[in-house]
Amino acid sequence: MNWIQTKTNLLRRFPPGARYLIGVSGGRDSVTLLDALVDLGYKKLIVCHLNHKLREASDADARFVRKLVATYNKTIVGQAHINLELGSANVTALAKKKKMSIEVAAREARYLFFAGVAERRRCHTIFLAHHADDLVETFLINLFRGTGLTGLAAMHEVSARRIDDVSLTIVRPLLLIWREEIDNYVREHRLKFREDASNKNLGPLRNRIRRRVIPYLEKTFNRNVRRNIWRTAMIAAEEENWIDNQARVSLDYEDHLNVKDLHALPVALQRRTLLKWLREQGISGIGFEAIERVRSLLDPAARGAKVNLPQDRHVRRRAGKIFIE
């Protein structure tokens with residue numbers, strides 16, 4: 001039995017004979033995932049690598065991934081082979097233009113790239129190499145930012161994401177696997193990978209969480225704190241899925257929402273329905289404050305009938321409906 005199969009039954013839902021995208025940065029996590037999937041018989045993978053142009057070594061990372069794909073293709077018997085999609089993005093310029101952090105801009109650029117490949121290749125399922133430690137770090141980052149359940153359950157083994165009218169199914173086979181287990185796999189299989197020197201930089205919040213906050217929590221409480229946080233995140237993800245499904249069936253919404261129907265829902269479902277609706281209308285960067293401003297339009301006694309949103313958009317209430325303009 002393959003290493004991943006001993007940890008999760010997730011891949012049973014994704015037979016190896018089909019085509020899938022896989023995000024490969026060249027780092028140890030994505031290289032490990034690629035190797036494990038090839039070992040399981042996934043021979044129709046489309047490797048997606050985006051050059052973020054953030055480091056001097058970025059071009060060398062792209063060359064490494066190209067060589068890696070060629071190496072695997074030499075071992076595959078028959079007509080099936082691994083394809084490669086290389087892209088590039090000026091993440092620094094994107095961050096400046098949209099007034100967002102480099103980390104957020106890089107993530108947005110990656111998903112835009114993935115969506116473009118998915119549409120071009122007509123393949124809408126992508127494997128990503130997020131693992132258990134990533135889940136813990138993301139949970140803490142969002143907790144410190146004051147997020148709700150959606151943020152605390154930000155990573156799922158399987159999730160759907162819509163980018164520019166392209167639907168992606170995101171699969172994370174390593175989400176039950178810890179970084180130390182990946183390190184062991186890399187050593188045992190003598191895998192080559194690219195080391196990202198920026199991981200040692202304490203400037204990005206994630207690196208501070210990883211190198212300072214979590215070790216402090218483990219020292220102060222106990223060594224099981226990571227697993228306890230991971231378990232909480234997994235519980236939050238299950239509850240998030242349930243609430244999300246409730247919001248999906250609560251209203252038959254399209255380009256507008258009915259104020260009376262929405263007002264009749266519990267507050268939690270009001271917030272979730274508004275969040276889903278705004279995202280489906282192409283509004284990104286929606287936080288708690290924005291949701292509450294829109295929710296204020298449900299109050300019959302509310303004086304204002306207009307709420308400002310990011311990206312120069314507005315929500316209006318008129319004739320018992322709320323809509324975006």
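Under a hydrophobic-cluster definition in which Ile, Leu, Val, Met, Phe, Trp and Tyr are linked whenever side-chain heavy atoms come within less than 4.5 Å, directly or via other members, V47 and V117 are assigned to different clusters. Residues I126 and V31 fall into different hydrophobic clusters, defined by Ile, Leu, Val, Met, Phe, Trp and Tyr side chains chained together at heavy-atom separations under 4.5 Å. F127 and I46 are assigned to two separate hydrophobic clusters, defined by single-linkage of ILVMFWY side chains at heavy-atom distances under 4.5 Å. The cluster map of Ile, Leu, Val, Met, Phe, Trp and Tyr, joined by side-chain heavy atoms under 4.5 Å apart, puts L45 and L10 in the same cluster. Cluster annotation: L94 is not connected to L112 through the hydrophobic network of ILVMFWY side chains, with a link wherever side-chain heavy atoms come within less than 4.5 Å.
Remark: L191 CG to I182 CD1 distance equals 11.0 Å, nearest 0.5 Å. In this structure, F113 CZ and H52 NE2 are separated by 9.5 Å, a value rounded to the nearest 0.5 Å. Taking CZ from R194 and OG from S25, the interatomic distance works out to 10.5 Å, rounded to the nearest 0.5 Å. The distance from atom CG of L205 to atom CZ of R212, rounded to the nearest 0.5 Å, is 13.0 Å. Taken from OG1 in T32 to CD1 in I177, the straight-line distance is 9.5 Å, to the nearest 0.5 Å. Between M155 atom CE and L128 atom CG the span is 9.0 Å, to the nearest 0.5 Å.
Note: W230 and W178 have tilted aromatic rings, judged against thresholds of 30 and 60 degrees for the angle between ring planes.
For R206 and E103, the salt-bridge test fails: no basic side-chain N is under 4.0 Å from an acidic carboxylate O. Ion pairing of R226 with D133 is present here, as a side-chain N (NZ or NE/NH1/NH2) and a carboxylate O approach within less than 4.0 Å. Look at R179 and E137 and you find a salt bridge, because one of the NZ, NE, NH1 or NH2 atoms lies within 4.0 Å of a carboxylate O, short of that distance.
Inter-residue side-chain proximity for R28 and Y185 is flagged as unmet; no heavy-atom pair is nearer than 4.5 Å. Side-chain atoms of R295 and R271, non-hydrogen and from C-beta on, do get closer than 4.5 Å to each other. Using a 4.5 Å cut-off on side-chain heavy atoms (C-beta onward), N83 and K44 make no contact. Side-chain contact between I322 and L274 is present, with heavy atoms from C-beta onward closer than 4.5 Å. Put simply, the side chain of V259 reaches to within 4.5 Å of the side chain of R317, judged on heavy atoms. Between V38 and I82 there is a side-chain heavy-atom pair separated by less than 4.5 Å. By the 4.5 Å heavy-atom criterion applied to side chains, I22 and Y42 are not counted as neighbours. Residues N51 and L86 are not in side-chain contact: their nearest non-hydrogen atoms beyond the backbone lie 4.5 Å or more apart.
Inspection of the N224 and R227 side chains reveals no N or O donor paired with an N or O acceptor under 3.5 Å. With no hydrogens or angles considered, a side-chain donor-acceptor pair links N308 and H314 at under 3.5 Å. A donor atom on one side chain and an acceptor atom on the other are not found under 3.5 Å apart for D35 and H189.
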Contacts table for residues 164-175: side-chain donor-acceptor under 3.5 angstrom, sequence neighbours left out:
{"unit_1": "S167", "atom_1": "OG", "unit_2": "R162", "atom_2": "NH1", "d": "2.5"}
{"unit_1": "R172", "atom_1": "NE", "unit_2": "H130", "atom_2": "ND1", "d": "2.8"}
{"unit_1": "R172", "atom_1": "NH1", "unit_2": "H156", "atom_2": "O", "d": "3.1"}

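A donor-acceptor pair under 3.5 Å links the side-chain atoms of D134 to the main chain of H131, judged by distance alone. In this structure, T75 contributes its side chain and Y72 its backbone to a donor-acceptor pair below 3.5 Å. Judged by distance alone, the side chain of N184 and the main-chain N or O of E180 form a donor-acceptor pair under 3.5 Å. Judged purely by atom type and a 3.5 angstrom limit, R293 has no side-chain atom pairing as donor or acceptor with the backbone of K306. At least one donor-acceptor pair closer than 3.5 Å links the side chain of Y20 to the backbone N or O of P15.
For H263, the ring pair (Phe, Tyr, Trp, His ring centres under 6.0 Å) test picks out no residue, with sequence neighbours left out.
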Could you go step by step and tell me if T125 and L21 meet the side chain to side chain contact (heavy atoms under 4.5 Å, CB included) rule? CA-CA 6 Å; T125 299; L21 309 179; over 6 Å; no
Full working for side chain to side chain donor-acceptor pair (under 3.5 Å) between R231 and N228: CA-CA 5 Å; R231 183 169 60 245; N228 292 339; 3.0 Å; yes
Could you go through the side chain to side chain contact (heavy atoms under 4.5 Å, CB included) check for F323 and V315 one step at a time? CA-CA 6 Å; F323 54 91; V315 174; over 6 Å; no
Could you go step by step and tell me if T232 and I235 meet the side chain to side chain contact (heavy atoms under 4.5 Å, CB included) rule? CA-CA 5 Å; T232 302; I235 293 171; 5.7 Å; no
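When the options D59, T92, N90 are evaluated for a side chain to side chain donor-acceptor pair (under 3.5 Å) with K53, the one that passes is D59.
Of all non-hydrogen atoms in L140 and I209, the two that sit nearest each other are CD1-CG2, 4.1 Å. Across all their heavy atoms, A89 and L50 have their closest contact at N-CD1, 4.0 Å.
In this structure, R161 forms a cation-pi arrangement with Y111, its terminal cationic atom sitting closer than 6.0 Å to the ring centre and no more than 45° off the ring axis.
No more than 12 heavy-atom neighbours from other residues, nucleotides or ligands sit within 6.0 angstrom of OH on Y216. Annotation for E119: atom CD does not count as buried by contact number, only 12 or fewer foreign heavy atoms lying within 6.0 Å. Residue R66 places its CZ atom among 12 or fewer non-hydrogen atoms of other residues, nucleotides or ligands, all under 6.0 Å distant.
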